[in-house]
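Note on naming: letters A, B, ... go to the chains in the order of the sequence lines (proteins, then strands), and numbering restarts at 1 for each one.
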Amino acid sequence: MAHVEVILPDGRTEQLHSGCPLSDVLHKGGSDLAGRVVAARLDGKAVGLSTVPPPGSRVELLPADSPDGLYILRHSTAHLMAAAVQALYPDAKFAIGPPVENGFYYDIDLPKPLPAEELPAVEAKMRELQAESLPFERVEMPLEEALRVMEGRGETYKVEILETIRRYGTSRPDAVEELKGEAETGGTVSLYQTGAFLDLCRGPHVPDTAFLRAFKLTHIAGAYWRGDEHRPMLTRIYGTAFPTAEALEQHLYRLEEAKRRDHRRLGRELELFSIEEEIGPGLVLWHPKGAIIRDVIETFWRKEHRRRGYQLVYTPHVARAHLWDVSGHLSWYRDYMFSGVEVEGQEYLVKPMNCPFHILIYRSQTRSYRDLPLRLGELGTVYRYERSGVLHGLLRVRGFTQDDAHIFCRPEQLESEVADVLELALPMLRAFGFSEYHLVLSVSDPNHMEKYAGSLEQWERAESALETVLEKSGMTFDRVKGEAAFYGPKIDVSLVDVLGRQWQCGTIQVDFNMPERFDLGYIGEDGKSHRPLMVHRALLGSLERFFGILIEHHGGAFPFWLAPVQVAVLPVSERHEPYAQEVADRLDAAGVRVEIDDRNEKVGYRIRHAEVTKVPYIGVVGDREVEKGLISVRERGRRERGAMPLEELIRELSEALYPPVPGPAL
RNA sequence: GCUGGCGUAGCUCAGCGGGUAGAGCAGCUGAUUUGUAAUCAGCGGGUCGGGGGUUCGAAUCCUCUCGCCAGCUCCA
């Protein structure tokens with residue numbers, strides 16, 4: 001009799017009699033399996049533990065702390081929550097309830113909105129049901145029968161999903177194309193019954209609710225049915241679940257940590273920036289401390305760009321409507337532009353992008369192939385009308401400064417130019433303390449080449465150039481079809497912050513469209529006119545957004561070279577003030593940003609203040625220091641380092657004034 | 001833009017069965033002359049986001065509006 005081979009999470013294998021459900025194996029071998037394993041993988045597909053595998057098959061058990069296991073755990077918790085909601089609000093109608101990155105949600109149509117205060121009641125009901133060890137029972141039935149069942153229950157959303165499945169063979173009509181061929185066939189669907197709650201669901205699920213030990217409902221939000229703003233707004237309840245209470249605790253702690261690092265709060269506390277209602281949403285005031293950091297960033301940025309063969313330019317904030325007409329912005333970007341002003345009968349519009357200006361600089365003279373590549377860079381401030389609901393601190397604003405540049409080059413130069421941009425971008429991000437990146441190559445959708453500007457040949461050439469660069473870089477990247485802009489393929493660079501969050505900052509975009517629109521040319525070696533390629537690129541994205549990310553990444557405790565105040569000098573008492581001044585003057589002369597705190601407070605108070613405002617170095621000077629020309633140094637977050645000669649500190653700090661990774665010279 | 005929630009001193013918040021506002025921190029003044037994460041005392045500070053309404057009377061009730069927060073959608 002053929003057995004089934006079961007691979008345990010630790011890699012060992014166990015034999016299972018054929019004809020037995022997988023759950024039988026849980027009580028053999030390691031006794032802790034029953035508590036850890038939530039599902040299994042058979043032929044690459046996740047299945048529930050009640051599955052009876054065919055003889056001779058190999059099955060891999062999925063523990064709750066594996067990515068797939070966690071997904072299933074959360075999915076099952078979403079069902080448990082739905083069951084609780086149904087018990088408390090019998091009129092509720094259920095839409096969809098999937099697991100998501102850090103938890104799960106369920107979209108529910110409730111007769112009246114659920115106040116957040118009622119979440120604990122739902123959670124309590126969940127615990128009640130959880131304790132009953134209700135099984136997740138899988139029922140398969142013909143689609144038509146499932147339709148009748150859901151109609152009978154008044155589950156109009158489930159009915160709609162079933163109708164979609166009937167029509168397209170999948171519950172995701174938007175994904176019909178990509179799912180072609182793998183759509184469900186056979187006309188049967190699966191339902192899962194948990195207590196009184198019955199849900200249309202592909203599964204799999206954990207065997208019973210006892211497996212769901214650590215969960216928490218986190219918040220409520222509205223969400224459109226199928227993400228369509230013209231369809232009903234449902235109540236979305238978010239929650240999260242983990243295999244153990246400790247893991248849940250840890251996750252909640254990380255959320256707290258994110259709150260502590262919130263750049264909006266730190267921005268106020270550290271006096272970095274503000275956004276004032278009187279000025280308008282999404283418009284940023286950089287206060288002196290924030291402005292100093294910006295200045296350091298900009299100086300670094302300019303220096304690195306000049307070294308890499310960029311020429312820096314400045315351009316106006318407004319331009320005639322005609323320019324935006326030629327660039328095409330009026331036809332495809334108008335909704336995002338601030339409305340114009342009329343001057344002398346001419347309409348002027350505020351710039352949402354810098355490219356048309358750089359293009360006109362290019363076009364200001366006849367260019368020869370010898371002039372290329374021409375790299376024009378600018379910290380250009382642009383304004384975009386973003387819908388009010390998307391604004392968020394510095395991360396999404398209406399007025400921002402892009403670290404922009406446009407590279408005009410010959411087609412055969414594209415590859416090396418793109419490689420250079422990456423070689424500039426990554427060390428620069430590293431200098432700010434970001435060492436992990438995520439690269440995405442967005443290419444055209446080969447089935448819809450009609451919607452793109454430029455020729456097929458241009459696209460193939462550009463896409464292969466970008467791909468080659470990425471491959472040569474040795475870094476991993478994702479390749480996404482159909483995500484390219486209509487005007488060309490692109491590479492997006494996201495950085496990963498200290499909490500593991502991804503932020504898209506840099507972008508490198510090839511553009512076949514603008515050179516055409518502005519009729520750009522250069523004289524080639526053959527003496528004839530040719531069309532240059534154009535590359536839009538930003539490394540940090542926008543200074544506002546990058547600053548926001550930087551604040552959160554460092555939790556406001558900026559590395560020394562960026563800190564607005566680098567050294568706080570604290571005279572112990574009034575008679576030490578002249579020496580404190582001398583110390584400050586000498587540090588200042590060495591280029592160190594220093595502040596004397598001679599307030600009428602005890603040293604402890606002023607140290608606390610310097611720590612709270614995250615000053616990296618604190619120098620205390622009293623009788624002992626005055627006498628021997630010393631300074632007592634304390635580094636942020638650490639204990640005292642003791643007294644040292646002032647010279648020594650100056651030498652040490654002078655070396656730390658520049659970013660740690662300046663990158664290779666040109 | 002949409003749904004829900006929230007706007008009280010610079011910040012964090014209390015007060016809200018309607019009777020013209022309060023704490024802590026911050027700030028200022030004074031005493032103290034301070035040695036590594038908060039010295040003591042005193043003082044000032046709010047047209048309760050803004051407009052309109054109900055009422056003898058509104059921070060509190062209603063309504064419109066602006067802004068913020070969460071989420072959705074969007075993100076060239």
Side-chain angles (χ1 to χ4, degrees), chain A residues 100 105 107 110 112-117 218-238 259 262 264-265 268-269 271 274-282 327-329 332-333 335-337 352-355 382 384-393 395-397 402 404 442 483-488 490 492 504 507 509 511 513-514 536 538 541-542 545 568 570-577 598-613 618-625 632-643:
Chain A
V100 288
Y105 66 80
D107 282 350
L110 292 161
K112 52 179 181 208
L114 183 77
E117 298 79 65
T218 51
H219 57 287
I220 290 185
Y224 301 108
W225 168 230
R226 298 217 148 142
D228 182 342
E229 62 182 289
H230 303 295
R231 310 198 64 176
M233 171 71 70
L234 308 173
T235 301
R236 173 170 295 181
I237 307 178
Y238 280 92
K259 222 183 260 177
D262 191 313
R264 294 167 296 186
R265 168 205 174 110
R268 187 172 51 235
E269 287 174 3
E271 300 170 63
S274 69
I275 296 170
E276 306 291 333
E277 191 176 335
E278 291 98 316
I279 296 171
S327 69
H329 285 85
W332 45 263
Y333 209 70
D335 288 351
Y336 287 94
M337 293 171 74
M353 294 186 195
N354 303 302
C355 26
V382 299
R384 297 181 186 175
Y385 167 69
E386 300 283 356
R387 295 166 95 193
S388 59
V390 306
L391 299 175
H392 180 89
L395 301 179
R396 198 75 184 271
V397 291
Q402 293 181 302
D404 208 0
S442 296
E483 278 302 297
F486 81 87
Y487 52 75
K490 62 173 179 176
D492 287 325
Q504 202 221 299
T507 186
Q509 311 184 347
D511 190 340
N513 184 240
M514 285 285 173
H536 309 248
S542 90
R545 182 178 157 80
L570 276 42
V572 171
S573 82
E574 236 168 273
R575 66 178 178 278
H576 310 114
E577 281 173 22
D598 56 4
R599 284 179 300 176
N600 187 1
E601 298 286 355
K602 290 164 91 167
V603 173
Y605 177 92
R606 287 175 283 156
I607 285 181
R608 179 182 146 75
H609 181 261
E611 288 282 354
V612 167
T613 55
I618 299 167
V620 177
V621 290
D623 289 334
R624 298 195 292 268
E625 289 76 17
S632 275
V633 175
R634 182 187 164 111
E635 274 181 67
R636 177 178 60 198
R638 298 180 211 170
R639 304 306 304 175
E640 322 166 42
R641 274 174 53 178

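- Comparing B:U12, B:G67, B:U33 by their nearest atom to the side chain of A:Ser573 picks out B:U33.
- The phosphate of B:C72 has OP1 or OP2 within less than 4.0 Å of a side-chain N or O from A:Tyr238.
- Closest approach of A:Arg396 to A:Glu386, counting heavy atoms only: NH2-OE1, 3.0 Å.
- The base-pairing partner of B:A9, taking Watson-Crick or G-U wobble contacts with both distances under 3.5 Å, does not exist among the strands shown.
- Counting non-hydrogen atoms under 4.0 angstrom, A:His392 reaches the backbone sugars and phosphates but no base.
- Among the atoms of the strands shown, only primed sugar atoms or phosphate atoms (P, OP1, OP2) are found under 4.0 Å from some heavy atom of A:Arg384.
- For A:Arg396 and B:C74, a side-chain-to-base donor-acceptor distance below 3.5 Å is present, hydrogens and geometry of angles not being considered.
- Nearest heavy atom pair, residue A:His329 against residue A:Met514, reads CE1-CE, 3.7 Å.
- Looking at which nucleotide of RNA chain B each of A:Ser388 and A:Gly622 is closest to, the 5′-most match is held by A:Ser388.
- If you check distances only, the side chain of A:Arg387 does reach the base of B:U73 with a donor-acceptor pair under 3.5 Å.
- If you check distances only, the side chain of A:Arg634 does reach the base of B:A37 with a donor-acceptor pair under 3.5 Å.
- With B:G67, B:G35, B:G27 as the choices, the nucleotide that has an atom nearest any side-chain atom of A:Arg599 turns out to be B:G27.
- A donor-acceptor pair shorter than 3.5 Å cannot be found between the side chains of A:Ser632 and A:Glu640.
- A:Gly604 comes within 4.0 angstrom of sugar-phosphate atoms only, judged by non-hydrogen atoms across all strands, and of no base.
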